[in-house]
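Here is the structure we will look at, set down as structure tokens.
All figures in this text were calculated on a predicted structure; none of them were measured in a lab. Position 1 is the first residue of the sequence; numbering continues from there.
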Amino acid sequence: MSDRRPLMPKATAVWLVENTALSFDQIAEFCGLHPLEVKGIADGEVAQGIKGMDPVTNGQLTREEIARAEKDGKYKLHLAESKVQLPPLPQTRKGPRYTPVSRRHDRPNAVLWILRNHPELKDSQIMRLVGTTKPTIAQIRDRTHWNSAQLTPQDPVTLGLCSQVDLDAEVKKAARRTGGDRKEAGDEEKAGTLLPTSETTASPARAEILAPKGPEEAAEETPEQEQARVLAKLKGMTPKEAEPEDE
């Protein structure tokens, strides 16, 4: 499908169904609708009470373009080039996601679900997903919220507060952040007592068995060493007391 769409696509589809012989697929392609939805418009089951809008009068289609599409069922309608240059839309200010009034009472339940199932998400990420405030998140986390006893965790996607794509994107972002933090912490603790798995699970190296060493052989004494040893032994001996001579 083309990225360009007519203004008021359902009203345009109503007019094309009532005033042309275009196929459902051609109208659905041009208006950005599903063919079954266009069929429902033709059967009167969809877009009841919507007044058709003529795309030729407002300059979105030409008679020649409609006639060409009616002759060829595979031809795709193209929007006419606008003769009025619209100024670029101002950039919207970034802020918390808007939550419909009918869904605002479900936000605390969604916050509780996120805190239990994805505690790695930051408060700013929860605020983007659910459209709540930081004090509310802190109160739900600390169980000081005024309605804490009645809160039940509910999936924000099921409640319609955010899409599954947005939730998955925030979870992946948090996973990349926590993974980087763990890697840095591992580098700092690398010099500790814990060893990496590759080293602890590796097969131990074979220890080389050496024969026990025998007593060292005494070195051969020189004559001077032998004489000194004998003198030291004689000095340690006490002389016997002389026996009294016989008178």
Inter-residue atom distance [X].[atom1] - [Y].[atom2], 0.5 Å rounding:
| X | Y | atom1 | atom2 | value |
| --- | --- | --- | --- | --- |
| Thr133 | Asp123 | OG1 | CG | 10.0 Å |
| Leu33 | Ile27 | CG | CD1 | 9.5 Å |
| Asn109 | Gln150 | CG | CD | 10.0 Å |
| Ile140 | Asn147 | CD1 | CG | 9.5 Å |
| Lys122 | Lys134 | NZ | NZ | 10.0 Å |
| Thr12 | Phe30 | OG1 | CZ | 6.5 Å |

With a 3.5 Å cut-off and sequence neighbours excluded, list the donor-acceptor pairs that the side chains of residues 151-159 form with protein atoms.
residue: Asp155; atom: OD1; partner: Val157; partner atom: N; Å: 3.1

**Message:** One pair to check against side-chain contact (heavy atoms from CB on, under 4.5 Å): Trp15 and Thr20. What are the steps and the verdict?
**Reply:** CA-CA 8 Å; Trp15 189 92; Thr20 65; 4.0 Å; yes
Non-hydrogen side-chain atoms of [X] and [Y] separated by less than 4.5 Å:
| X | Y | answer |
| --- | --- | --- |
| Asp54 | Leu61 | no |
| Ile41 | Phe24 | no |
| Leu7 | Asn58 | no |

**Request:** Go through the side-chain N and O atoms of Tyr75 and Glu70 and say whether any donor and acceptor fall under 3.5 Å apart.
**Result:**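 Side chains of Tyr75 and Glu70: no pair found under 3.5 Å.
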**Prompt:** Looking just at side-chain N and O atoms, do Gln26 and Ser23 make a donor-acceptor pair shorter than 3.5 Å?
**Reply:**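 Distance-only check passes for Gln26 and Ser23.
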Between [X] and [Y], what is the shortest heavy-atom contact and its length?
| X | Y | value |
| --- | --- | --- |
| Ala110 | Leu161 | CB-CD1, 3.6 Å |
| Pro9 | Cys31 | CB-O, 3.3 Å |
| Arg141 | Leu115 | NH2-CD2, 3.5 Å |

**Message:** Run the side-chain contact (heavy atoms from CB on, under 4.5 Å) test on Ile137 and Val130 for me, step by step, so that the C-alpha distance in whole Å, both residues' side-chain angles and the decisive distance to 0.1 Å come before the verdict.
**Reply:** CA-CA 10 Å; Ile137 298 174; Val130 182; over 6 Å; no
**Message:** For a side-chain contact (heavy atoms from CB on, under 4.5 Å) check, start with the C-alpha distance between His145 and Thr136, then their side-chain angles and the critical distance, and finish with the verdict.
**Reply:** CA-CA 7 Å; His145 191 267; Thr136 303; 4.3 Å; yes
So, [X] side chain and [Y] main chain: donor-acceptor pair closer than 3.5 Å or not?
| X | Y | result |
| --- | --- | --- |
| Asp142 | Thr144 | no |
| Asp72 | Arg68 | no |
| Glu170 | Ile126 | no |
| Asp166 | Cys162 | no |
| Arg107 | Gly131 | yes |
| Asp43 | Glu45 | no |

**Asked** Asn117: what forms a side chain to side chain donor-acceptor pair (under 3.5 Å) with it, not counting sequence neighbours?
**Response**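 None.
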Treat each ILVMFWY residue as a node, draw an edge where side-chain heavy atoms are under 4.5 Å apart, and state whether [X] and [Y] are in one component.
| X | Y | result |
| --- | --- | --- |
| Ile66 | Met53 | no |
| Met8 | Val17 | no |
| Leu16 | Val56 | yes |

**Message:** One thing to verify: whether Asp168 and Lys172 come together as a salt bridge, which I'm taking to mean a side-chain N less than 4.0 angstrom from a carboxylate O.
**Reply:**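 Result for this pair is no, no salt bridge flagged.
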**Request:** Please test Glu65 against Leu77 for side-chain contact (heavy atoms from CB on, under 4.5 Å), starting from the C-alpha separation and ending with a verdict.
**Result:** CA-CA 7 Å; Glu65 186 77 6; Leu77 294 169; 3.8 Å; yes
**Option among His118, Glu120, Lys173 that satisfies the side-chain contact (heavy atoms from CB on, under 4.5 Å) test with Gln125** =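 Looking at His118, Glu120, Lys173, the match for Gln125 under the side-chain contact (heavy atoms from CB on, under 4.5 Å) is Lys173.
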